[in-house]
Amino acid sequence: MLWIILLVGVAVVAFLVLQGKQKAEQRLADSREEAQRWYERLGGQTMNLVADSDNVAARQALVDAGERYNAAGSQLERATTTRQYELAKDTALEGLHYVRAAREAMGMDPGPQMPGLSGQERAGAVKEPMSVDVEGKHYTASPHPSQQNAHYYPGGMVAGRPVPGGWYSEPWWKGALVAGAWGLGTMMIFNALIMPGFSSGAVEGAYSDGYADGFDDAGGDAGGGDGGDFGGDFGGDFGGDFGF
């Protein structure tokens, strides 16, 4: 009788292990197909759009979309886990946001809404033109593309700080994307250009409702200090290296 009970127990455990393995394999396959679907969609839309040579904003947005396409392809080639496929999907989705921006800059219908990106809602979006001078250089931001504001960003948390979606005169946030932490120069621009936008209403988003407390949570006093305080895991927010 004891042997029968033991055999039944072993059989049940083996069945549960096999069932769990099958479910994990199915989740992996589903994640791979989902990432591949968005990657192929990005590739098709990127290749089908050509901006006029004098449309600087649209051309730059398409360049950024192409970078995301290449990065997503590399991530797909290396992916072996569900999480890695999710990161590749997020990269492709970000690229599609740049495609929408390019279409907007060309005066075209931007197409259907895309799924939101990690941190995008919290970071909000630029709703009014903003400008500031930092160390003798003029920086501007706008909700609309122009020759002056030709660098699009879809919005999100960059190294623990909210960069609102909008069109900028310079891609000043890219240094923090690459390094995973804010340098002194980019932090000065952030403090001068973005922080006042949250308090004045020029930037709207979840972050603006309690921006003062949010800055404390995001990594200390927003007024300056050790750049390491402004760090954080960029990969966790944006899905890995986007190929900058």
Side-chain angles (χ1 to χ4, degrees), residues 51 55-65 67-68 93-111 113-135 137-177 182 185-215 217-219 222-223 230 234 237-238 242 244:
N55 194 329
V56 180
R59 289 175 65 87
Q60 182 59 54
L62 287 176
V63 167
D64 291 333
E67 289 178 352
R68 301 317 188 274
L93 282 174
E94 189 184 8
L96 285 165
H97 279 266
Y98 279 96
V99 171
R100 279 178 56 86
R103 294 176 66 90
E104 176 188 354
M106 288 187 281
M108 301 171 62
D109 183 349
Q113 285 290 336
M114 301 300 303
L117 303 172
S118 175
Q120 189 177 40
E121 182 179 357
R122 186 184 180 202
V126 177
K127 296 300 181 182
E128 300 175 9
M130 302 187 297
S131 64
V132 69
D133 292 314
V134 177
E135 295 188 325
K137 191 168 184 178
H138 194 59
Y139 296 90
T140 60
S142 172
H144 306 295
S146 65
Q147 292 291 102
Q148 179 181 8
N149 297 302
H151 296 273
Y152 178 73
Y153 189 68
M157 303 299 293
V158 179
R161 298 281 155 175
V163 178
W167 295 86
Y168 295 84
S169 58
E170 298 283 344
W172 48 267
W173 59 87
K174 280 192 175 182
L177 287 177
W182 292 85
T186 51
M187 199 65 222
M188 290 175 64
I189 300 170
F190 179 88
N191 288 346
L193 183 66
I194 302 303
M195 280 186 62
F198 281 114
S199 59
S200 68
V203 176
E204 294 183 3
Y207 205 95
S208 60
D209 296 334
Y211 77 100
D213 294 336
F215 279 112
D217 294 338
F230 306 119
F234 167 68
D237 290 333
F238 276 91
F242 293 138
F244 290 114

Check step by step if side-chain contact (heavy atoms from CB on, under 4.5 Å) holds for Val134 and Trp172. CA-CA 12 Å; Val134 177; Trp172 48 267; over 6 Å; no

Please walk me through it: do Arg59 and Val56 pass side-chain contact (heavy atoms from CB on, under 4.5 Å)? CA-CA 5 Å; Arg59 289 175 65 87; Val56 180; 5.9 Å; no

Please tell me if the side chains of [X] and [Y] come closer than 4.5 Å, counting only heavy atoms from C-beta onward.
{"X": "Lys127", "Y": "Val203", "result": "no"}
{"X": "Glu104", "Y": "Pro145", "result": "yes"}
{"X": "Val158", "Y": "Tyr153", "result": "yes"}
{"X": "Arg68", "Y": "Asp64", "result": "yes"}
{"X": "Pro154", "Y": "Gln120", "result": "yes"}

Centroid-centroid distance, Tyr139 to Tyr168, less than 6.0 Å: no

For Thr140 and Asn149, test the side chains for any donor-to-acceptor distance below 3.5 angstrom and give the result as yes or no. yes

Is there a donor-acceptor pair under 3.5 Å between the side chain of [X] and the backbone N or O of [Y]?
{"X": "Thr186", "Y": "Trp182", "value": "no"}
{"X": "Arg100", "Y": "Gly111", "value": "yes"}
{"X": "Arg103", "Y": "Asp109", "value": "yes"}

To check you understand the geometry: which heavy-atom pair defines the closest contact between [X] and [Y], and what is its length?
{"X": "Ala105", "Y": "Ala57", "result": "CB-CB, 4.1 Å"}
{"X": "Glu128", "Y": "Gly201", "result": "OE2-O, 4.3 Å"}
{"X": "His138", "Y": "Asp133", "result": "ND1-OD1, 2.7 Å"}
{"X": "Met114", "Y": "Leu96", "result": "CE-CD1, 3.4 Å"}
{"X": "Ile194", "Y": "Met130", "result": "CD1-CE, 4.3 Å"}
{"X": "His151", "Y": "Trp173", "result": "O-CH2, 4.0 Å"}

Do the ring planes of Trp167 and Tyr152 sit parallel (below 30°), tilted (30 to 60°) or perpendicular (above 60°)? tilted

Interatomic spacing from [atom1] in [X] to [atom2] in [Y] - rounded to 0.5 Å:
{"X": "Met157", "Y": "Leu117", "atom1": "CE", "atom2": "CG", "answer": "13.5 Å"}
{"X": "Arg161", "Y": "Met195", "atom1": "CZ", "atom2": "CE", "answer": "8.0 Å"}
{"X": "Asn55", "Y": "Ser146", "atom1": "CG", "atom2": "OG", "answer": "10.5 Å"}

Within the supplied structure, the quantity of interest is the number of heavy atoms (other residues, nucleotides, ligands) at a distance under 6.0 Å from Glu135 CD; does it exceed 12? no

